[in-house]
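What follows is one structure encoded as structure tokens, with my remarks underneath.
Each chain gets a letter, A, B and so on, in the order the sequences are listed, and its residues count up from 1. Since the model is a prediction, treat every value here as computed from it, not as a measurement.
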Protein chains: 2
Amino acid sequence: MFGRFGFDATTSRKIATDAGVPVALINYHFGSKEGLYRAIFEKRSPAIRDQRVVGLQLARSEADWDKRVELVVKALIVPMFGLRNDGNDGAFGRILARELSDPSSEGRGIFREMFDPVAEMMLDALAECFPDWTRAEVNWAYQTMLGAMMIVMMDNGRIARLSDGTADSEDPETAAIHIAAILTAGLKHRDRGQTRGS
Amino acid sequence: MFGRFGFDATTSRKIATDAGVPVALINYHFGSKEGLYRAIFEKRSPAIRDQRVVGLQLARSEADWDKRVELVVKALIVPMFGLRNDGNDGAFGRILARELSDPSSEGRGIFREMFDPVAEMMLDALAECFPDWTRAEVNWAYQTMLGAMMIVMMDNGRIARLSDGTADSEDPETAAIHIAAILTAGLKHRDRGQTRGS
DNA sequence: ATAGCACTTGAACATCTGTTCAAGTTTTTT
DNA sequence: AAAAAACTTGAACAGATGTTCAAGTGCTAT
């Protein structure tokens, strides 16, 4: 429900009714609604982080430069889409995207605590791939990747509507392949002449 | 306020207090809170749409193929960042990104009414640039561009934090240049071998 | 001038929000 | 078996939400 409706629009009573229990249980077991919300992240985010770390190690050990860039991109994308997770239906990926895009998320600090460390690892890996890039260029590249990934996770049906069903955010594997192809090419062939000096 | 906090988190009373008027005025003049919200889009979105249309016409008249792809990308990005609008501080771009990412936006249908038509024009322009691409590929490319753009508009300071201030979402012009460079390269050099047959 | 209309105002409304409470029930420990 | 702790429950709480209402004010056309 947090993934579908976001933190604010998901009320304690909806959660309780859906679970078939009294509302008071949420506050007894998790202290508050935000406590329950955090518990979800504390349970699931280590798995995402570990998958990213492994993906980056895999990329570092790749000698072929072209393959290596592709592996870095996939180290970011694959765990988010829950492709490696068996029992995962992608719900946590959706929650993640919502939290990242939620205006009130900064106050909760969940991303700062749980995802900034691995984000810095991603930035280091990118910088290692492109030693001549400036810090700003590396960061903008990372954010571009992040955004492309996010819009798929947050989609409410607009992608299918605009594409007449030929593209579907409910099929994360296909989405991941297409996005990874564009982003990999974007990183490899980026025209630095345009961004120089800014 | 809608741009900073989103539709739900922006209360009628906060708006009224900020404007120094009684709450009832909102309902008298706009019928409802959503009426005021829609009025913002009805006022501002035609300008965005017109800028996109002009940008696409400019791209179509460009003979050089490389330049042409770049112009299509910029036709999408530049109006959103409010670079051409003089009195615009980018607030409407932020509202747009919020609405696109808001889980409850589908019920309002603002994007369906006001932005799907120009989105289809963008898709046509992309398809014209890459005649050998499938419909799905064109759509995923479009969504990739949209997402990369969105994450900058929605940023609450995380970009500056991760980059130690070397990248800043408050400087939309620089952001637009970097993102456009990556996306343009991504479209031009996309490895279709990866996406074939899906 | 005066009637009519548009607009403004502060208070009230019903509903929903997250949380707390006291009273129960179940489980665990001694 | 008795005592203690952990858990469950439905009702209640204070506060906030969008909206409505009746009364008042200001402007405009006749």
Side-chain angles (χ1 to χ4, degrees), chain A residues 1-45 91-92 94-114 154 156, chain B residues 1-45 91-92 94-114 154 156:
Chain A
M1 297 180 80
F2 281 130
R4 260 206 305 270
F5 311 121
F7 180 77
D8 285 321
T10 301
T11 71
S12 301
R13 277 172 179 81
K14 280 190 206 155
I15 298 171
T17 306
D18 193 71
V21 297
V23 255
L25 276 190
I26 294 174
N27 293 279
Y28 179 76
H29 285 283
F30 300 97
S32 65
K33 178 185 161 187
E34 186 172 328
L36 165 60
Y37 188 66
R38 292 186 77 89
I40 299 173
F41 284 88
E42 274 156 17
K43 175 160 191 180
R44 302 260 193 222
S45 57
F92 184 60
R94 234 175 299 147
I95 299 184
L96 227 56
R98 290 267 175 255
E99 174 67 6
L100 187 60
S101 70
D102 192 329
S104 60
S105 67
E106 204 59 26
R108 289 189 284 273
I110 288 179
F111 261 83
R112 207 174 328 130
E113 292 173 31
M114 305 187 197
M154 299 186 322
N156 296 109
Chain B
M1 298 182 78
F2 282 130
R4 260 206 305 271
F5 312 121
F7 180 77
D8 285 321
T10 302
T11 72
S12 302
R13 276 170 180 82
K14 279 188 206 157
I15 298 172
T17 305
D18 193 72
V21 297
V23 256
L25 276 191
I26 294 173
N27 293 280
Y28 178 77
H29 285 283
F30 299 97
S32 63
K33 177 185 162 188
E34 185 172 330
L36 165 61
Y37 188 66
R38 294 186 76 90
I40 299 173
F41 284 89
E42 274 156 18
K43 175 160 190 180
R44 301 259 192 224
S45 56
F92 184 60
R94 234 175 299 147
I95 299 184
L96 228 55
R98 289 265 175 257
E99 174 67 6
L100 186 59
S101 71
D102 191 330
S104 59
S105 68
E106 204 59 28
R108 289 190 285 273
I110 288 179
F111 261 84
R112 207 174 327 131
E113 291 172 33
M114 306 188 197
M154 299 186 322
N156 295 109

Fill in: Distance (rounded to the nearest 0.5 Å) between E34(A) CD and I110(A) CD1
6.5 Å
Item to complete: Round to a whole Å and report the spacing from NZ of K14(A) to P of dT17(C).
Response: 6 Å
Worksheet item: Could you state the CG-C1' distance from D8(B) to dT17(D), rounded to the nearest angstrom?
Response: 11 Å
Worksheet item: Between R13(B) (CZ) and dT19(D) (C1'), how many Å, whole number?
Response: 9 Å
Worksheet, complete the sentence: note: I15(A), atom CD1; dT17(C), atom P; distance rounded to Å ~ 11 Å
Worksheet item: Taking R108(B) for the side chain and R38(B) for the main chain, is one N or O donor matched with an acceptor at less than 3.5 Å?
Response: no
Worksheet item: At what distance, to the nearest 0.5 angstrom, does CZ of R13(A) lie from CG of D18(A)?
Response: 15.0 Å
Practice prompt. Give the rounded distance in Å between these two atoms: CZ of R38(A) and C1' of dG18(C).
Written response: 17 Å
Item to complete: Note the angle between the end axes of the helix from dA1(C)-dT30(D) to dT30(C)-dA1(D), five pairs defining each, rounded to 10 degrees.
Response: 0°
Item to complete: Determine whether E99(B) and F111(B) make a side-chain contact, defined as any pair of heavy atoms from C-beta on separated by less than 4.5 Å.
Response: yes
Fill in: From dT8(D), dT19(C), dG18(D), nucleotide with atom closest to T11(B) side chain
dG18(D)
Worksheet entry | Separation of atom NZ in K33(B) from atom C1' in dA16(D), rounded to whole Å | 12 Å
Item to complete: Report yes if a side-chain nitrogen or oxygen of S12(A) is closer than 4.0 Å to either non-bridging phosphate oxygen (OP1 or OP2) of dG18(C); otherwise report no.
Response: yes
Worksheet item: So which heavy atom on M114(B) is nearest to which on E42(B), and how close?
Response: CE-CG, 3.7 Å
Worksheet item: Atom OG of S12(B) and atom CG of L36(B): how far apart are they, to the nearest 0.5 Å?
Response: 8.0 Å
Worksheet, complete the sentence: Within residues 104-112 of chain B, the residues having a heavy atom closer than 4.0 Å to DNA chain D are none
Worksheet item: Is the shortest heavy-atom distance from the side chain of L96(A) to the side chain of F41(A) under 4.5 Å?
Response: yes
Worksheet item: Which of the following nucleotides, dT19(D), dC7(D), dG18(C), is nearest to the side chain of H29(A)?
Response: dC7(D)
Item to complete: Provide the closest heavy-atom pair for R98(A) versus P103(B) in the form atom of the first, atom of the second, distance.
Response: NE-CG, 3.3 Å
Item to complete: Give the ring-plane orientation class for F7(B) versus F2(B), where under 30° counts as parallel, over 60° as perpendicular and anything between as tilted.
Response: parallel
Worksheet, complete the sentence: Here the distance between atom C1' of dA11(C) and atom CG of L25(B), to the nearest Å, is 15 Å
Fill in: Under 4.0 Å protein heavy-atom contact, by nucleotide of nucleotides 20-28 of chain D - B base, S sugar-phosphate only
BB-------
Worksheet item: Taking the side chain as C-beta and beyond, is there a heavy-atom pair between Y37(A) and T10(A) under 4.5 Å?
Response: no
Response to the item:
Here the pair of heavy atoms bringing D102(A) nearest to S105(A) is O-OG, 2.9 Å
Worksheet entry | F30(B) CZ - dC7(C) P separation (whole Å) | 11 Å
